[in-house]
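Within every chain, numbering begins at 1; the chains are lettered A, B, ... in the order of the sequence lines, protein sequences first and strands thereafter.
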Amino acid sequence: MIHVYVHQVPGIPLLPPYAISAVVYGSIFALMCVSITLTYITTKVPNFAQGALVTVGLYTGFSLLSLYNISPYVSLPISFLLGGGVAIGMYLLVLRPLSRRGAPVVSLMIATLAVDIIFIGIFGIYSTYLYERKGVFDAELFYALAGADFRFLGVQGVVIVSPLAVAAVTLGLYLMLTRTRFGLAMRATVENPTLAKVVGVNPGAVYLVSWFLAGGLAAAAGVFYSFWEGGAPDVGSMLLIAMFAGSILGGLQSIFGAVVGGLVVGGSEIVVTTLGAQYFGSWVTPYQPGIPLLVMVVTLLVLPGGIASLNWRRLLRLGRRR
Amino acid sequence: MALLGIANWPDFLTSLLAFFSLYLIISISLNIEMGYAGIPNFGKVLYFMGGAAFSGSVAIRVAAWLLNVKGDPIGLDNFILSYKLTQLLQSNVPYSVALMALTIGIGALVGGLLGYISIFPAIRLREDYLAMLLLGSAAFFQIFLSNYTPIIDGPYGISIPNLFAWAGQYSTLAATLLIAGFAAVVYLYAERLVRSPLGRTLRAMRDSEAASEALGKDTVTIRRNVLIIASVITGIAGALYTIYTGDTNPATYDRVTWTFWPWLIVIMGGAASNAGVAVGTFVFVFLLDYIDATKIYLQNLLPFDVTWFEYLLFGSLLIVILMVRPQGILKEKPSATMKRSRIAGVIDRLKGAKASPPKAEPEPGPT
């Protein structure tokens with residue numbers, strides 16, 4: 001089931017209401033796309049189970065809220081750790097053993113699809129448990145947790161928190177990659193693992209940290225998503241295509257490209273759908289999931305290397321010549 | 001007394017045969033693409049869905065036109081129309097057979113058309129990009145069918161007339177035998193294909209595209225043809241499924257049932273081995289159908305929905321197979337060659353030909 005809600009956000013002048021919605025949605029997807037890119041640059045396999053990590057965060061926040069009345073913001077560190085832990089589990093139990101056995105990329109991809117299906121089963125069982133044993137009536141399908149969110153000057157909290165989180169993550173990753181020894185080791189491993197080993201880098205540790213961060217960021221994105229859109233056991237799988245579209249737009253190898261890609265994909269989903277519904281009628285709205293697909297197709301046709309492959313200096317020079 | 005927990009053995013066996021045949025058709029087509037030609041198609045459900053939905057949509061409209069019955073094939077009238085048509089088709093075998101042929105033809109056509117569209121990414125993109133794109137396209141096509149009502153009434157789906165109504169109480173059995181017949185044809189076709197020169201070219205292309213191109217093989221054309229053949233077969237499977245179930249509903253065309261299960265079957269049975277895929281199909285469908293048939297007992301044992309149990313079981317099964325026996329139950333065999341005696345016969349014939357000296361060709365001089 002695909003649910004599309006148009007949020008009425010009051011009170012910010014000079015901006016159409018859907019602009020806020022686009023920023024929130026874009027920020028959530030930026031986190032997810034960074035997460036996909038972090039796993040892709042290390043293992044070189046698109047992880048089809050990334051959606052499951054989003055759902056881990058989403059259900060952790062939701063369960064702690066509905067069982068113990070803890071705000072998902074307070075439990076965000078727990079969601080982050082759990083998402084990171086599950087991601088490390090995926091890497092250590094499935095992907096690393098398989099790639100050590102020399103499995104081809106296609107086998108690794110189908111293995112991650114299998115992991116995703118296992119997790120749909122696990123979340124299905126868990127939500128049944130929450131509903132039947134714990135009496136959480138909306139565990140199998142819940143709507144936006146707007147009531148559990150705080151308000152700041154009449155604006156829902158996630159509207160402020162999610163863009164800030166994206167900015168913090170981008171800055172943090174930038175500082176880590178350029179200013180620390182570990183970041184240097186990480187970039188070296190991504191470029192050439194064998195050569196990195198020669199100069200004394202431990203690629204195993206780099207991979208573990210990447211996967212942990214990827215899982216944590218996906219889980220955090222899941223928490224923000226639940227504030228804005230709600231959730232269900234298979235919500236992560238549904239968002240998978242949009243996550244891939246954003247990462248491909250970003251170049252699939254570049255963390256900062258992924259931030260931009262996620263903002264563009266998430267933002268354009270909202271803007272295009274809202275404007276389309278205004279001009280052509282409300283029948284446009286259900287086709288919102290087609291926009292990431294379109295972004296993916298256009299990127300692959302026009303700019304297969306993504307934003308990261310753009311040569312900015314040359315573009316600027318072209319602009320000046322005209 | 002239910003033997004081994006199964007209340008109705010004839011029904012169980014009929015369903016087993018139907019789903020074995022259906023999954024065999026899809027898995028063999030995936031095996032041709034993935035096992036032999038090396039095109040990882042993560043969008044199998046796309047062709048199946050296209051074949052199933054459009055064939056059903058056309059079948060009920062053409063049936064209404066042929067039998068001159070007024071009524072809207074979409075919406076609340078659909079069920080009444082479909083019921084009336086079934087009543088009329090009960091005594092009209094020629095029309096039933098003609099409609100069946102049309103339904104299957106439409107399935108093949110739509111499957112082939114979607115396959116044709118998939119060529120453009122499939123010959124250009126690396127396998128990981130292709131997988132993401134096909135998975136996404138299939139997901140969007142399902143959303144399209146669930147929202148665009150004129151084809152199969154959006155999320156509600158439509159019911160189509162029973163084209164085997166003339167078989168009376170044996171109509172399910174007759175539909176099952178039809179699918180089984182198609183499965184046999186597809187299996188024999190695939191066996192012939194992989195033993196032909198084209199089959200050997202496919203393996204060469206899969207193992208080294210550069211080498212097969214250097215030997216003068218047009219890999220782009222071959223990939224295109226393989227993708228279209230496999231998509232047509234999958235579209236036919238979709239049409240057969242619509243005929244078998246008598247309705248078409250977008251909610252049933254999910255990526256787990258029609259993309260992931262066929263992949264599991266091919267990997268479990270053995271990629272690039274048709275016999276292995278047949279064994280894999282049997283093992284998988286037997287497990288799935290057995291779980292389905294004993295649901296009443298299982299549901300008491302499990303505190304949750306049996307579907308989740310299937311997801312856990314088959315998802316883990318695939319990972320275990322990839323770790324323990326990645327080549328599958330039956331390994332790929334080397335290309336079939338001629339018998340020794342036949343080779344000797346050919347050599348003799350060539351020697352006989354040599355006895356009468358061929359026309360002397362001028363030596364190519366230095367240029």
Side-chain angles (χ1 to χ4, degrees), chain A residues 1-2 40 44-46 48 93-94 97-98 101-111 113-129 132-133 233-234 237-238 240-245 247-248 252 283 285-294 296-297 300-301 304, chain B residues 34 38-42 120-121 124-133 135-144 146-149 154-155 251 254-256 259-261 263-264 266-267 271 302-324 326:
Chain A
M1 283 290 238
I2 300 290
Y40 187 84
K44 306 283 189 263
V45 176
F48 290 109
L93 295 177
V94 180
L98 280 176
R101 283 176 169 81
V105 174
V106 174
S107 302
L108 293 175
M109 285 197 290
I110 195 70
L113 203 56
V115 172
D116 189 48
I117 283 158
I118 293 173
F119 269 99
I120 295 177
I122 291 175
F123 294 126
I125 293 166
Y126 179 67
S127 60
T128 312
Y129 165 80
E132 283 179 357
R133 300 288 163 85
D234 59 349
S237 304
M238 294 286 181
L240 194 66
I241 303 308
M243 297 190 211
F244 279 132
S247 315
I248 289 179
L252 208 51
W283 61 268
T285 319
Y287 300 105
Q288 183 178 338
I291 292 161
L293 188 65
L294 200 67
M296 203 192 273
V297 171
L300 291 174
L301 280 175
Chain B
M34 185 268 272
I39 308 169
N41 196 334
F42 276 64
F120 298 97
R124 287 175 179 83
L125 295 180
R126 221 172 53 199
E127 51 204 357
D128 44 358
Y129 283 93
L130 181 66
M132 291 184 243
L133 191 67
L135 207 72
S137 309
F140 180 68
F141 197 59
Q142 193 188 9
I143 290 168
F144 170 72
S146 323
N147 286 290
Y148 186 68
T149 46
D254 58 310
R255 74 164 167 242
V256 177
T259 298
F260 184 73
W261 294 161
W263 269 85
L264 167 66
V266 172
I267 289 175
L302 297 172
F304 47 80
D305 199 283
V306 175
T307 314
W308 306 134
F309 172 69
E310 289 170 3
Y311 279 30
L312 291 184
L313 177 72
F314 292 123
S316 322
L317 184 65
L318 179 76
I319 293 172
V320 169
I321 290 168
L322 281 174
M323 290 201 184
V324 180

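- Looking at A/V115, both its backbone and its side chain come within 4.5 Å of chain B, counting heavy atoms on both sides.
- Interface residue A/T128: only side-chain heavy atoms are found under 4.5 Å from chain B.
- Aromatic pair A/Y126/B/F304: centroids not less than 6.0 angstrom apart.
- There is no contact between B/R124 and chain A, counting heavy-atom distances below 4.5 Å.
- Of all heavy-atom pairs spanning B/L322 and A/A111, the tightest one is CD1-CB, 3.7 Å.
- Neither the backbone nor the side chain of A/P233 comes within less than 4.5 Å of any heavy atom in chain B.
- With a 4.5 angstrom heavy-atom cutoff, B/L135 touches chain A via backbone and side-chain atoms both.
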Please test A/F119 against B/Y311 for ring pair (Phe, Tyr, Trp, His ring centres under 6.0 Å), starting from the C-alpha separation and ending with a verdict. CA-CA 8 Å; A/F119 269 99; B/Y311 279 30; over 10 Å; no
Let's go through A/I117 and B/F314 carefully: what are the C-alpha distance in whole Å and the side-chain angles of both, what is the deciding distance for side-chain contact (heavy atoms from CB on, under 4.5 Å) to 0.1 Å, and is it a yes or a no? CA-CA 9 Å; A/I117 283 158; B/F314 292 123; over 6 Å; no
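- Heavy-atom minimum distance, A/L93 versus B/M323: O-CE, 3.0 Å.
- B/T307 contributes atom OG1, which lies 12.0 Å from atom CD1 of A/I120 (distance to the nearest 0.5 angstrom).
- Heavy atoms closer than 4.5 Å to chain A are found nowhere in B/F309, neither backbone nor side chain.
- One finds the OG1 atom of B/T149 at 11.5 Å from the CH2 atom of A/W283 (value rounded to the nearest 0.5 Å).
- Of the two parts of B/L313, neither the backbone nor the side chain holds a non-hydrogen atom closer than 4.5 Å to a non-hydrogen atom of chain A.
- One distance of note links CZ of B/F120 with CG of A/L300; it measures 15.0 Å at 0.5 Å rounding.
- The two residues B/S137 and A/L293 have their closest heavy-atom pair at N-CD1, 3.7 Å.
- Aromatic ring orientation, B/F42 versus A/F48: parallel (interplanar angle below 30°, classes split at 30° and 60°).
- Your options are A/I118, A/I248, A/D116, A/V105, and the one with the most heavy-atom pairs under 4.5 Å with chain B is A/I118.
- Comparing A/S237, A/P104, A/A242, A/P304 by how many heavy-atom pairs each has under 4.5 Å with chain B, the most go to A/S237.
- The shortest heavy-atom contact between B/E127 and A/M109 is O-CE, 3.8 Å.
- Taking all atoms of both residues into account, the shortest heavy-atom contact from A/R133 to B/P303 is NH2-CB, 3.9 Å.
- In this structure, B/F140 and A/L294 have side chains that are not in contact, with every pair of non-hydrogen atoms separated by 4.5 Å or more.
- To the nearest 0.5 Å, atom CD1 of residue A/I110 and atom CG of residue B/L264 are 8.5 Å apart.
- With a threshold of 4.5 angstrom between heavy atoms, A/L301 does not approach chain B through any atom at all.
- When A/Y287, A/F123, A/Y129 are compared by the number of non-hydrogen pairs under 4.5 Å with chain B, A/Y287 comes out ahead.
- Looking at A/Y40, the atoms closer than 4.5 Å to chain B (heavy atoms on both sides) all sit in the side chain, from C-beta outward.
- The candidate with the highest count of non-hydrogen atom pairs below 4.5 Å against chain A, out of B/A251, B/P155, B/S316, B/A139, is B/S316.
- When the candidates B/I321, B/I267, B/N147 are compared by the number of heavy-atom contacts under 4.5 Å with chain A, B/N147 comes out ahead.
- Taking chain B as the reference chain and counting heavy-atom pairs below 4.5 Å, the highest number among A/L252, A/L240, A/V45 is found for A/L252.
- The two residues A/A114 and B/L318 make their nearest non-hydrogen contact at CB-CD2, 3.7 Å.
- Looking at A/I241, only its side chain comes within 4.5 Å of chain B, counting heavy atoms on both sides.
- When B/G315, B/P40, B/S146 are compared by the number of non-hydrogen pairs under 4.5 Å with chain A, B/G315 comes out ahead.
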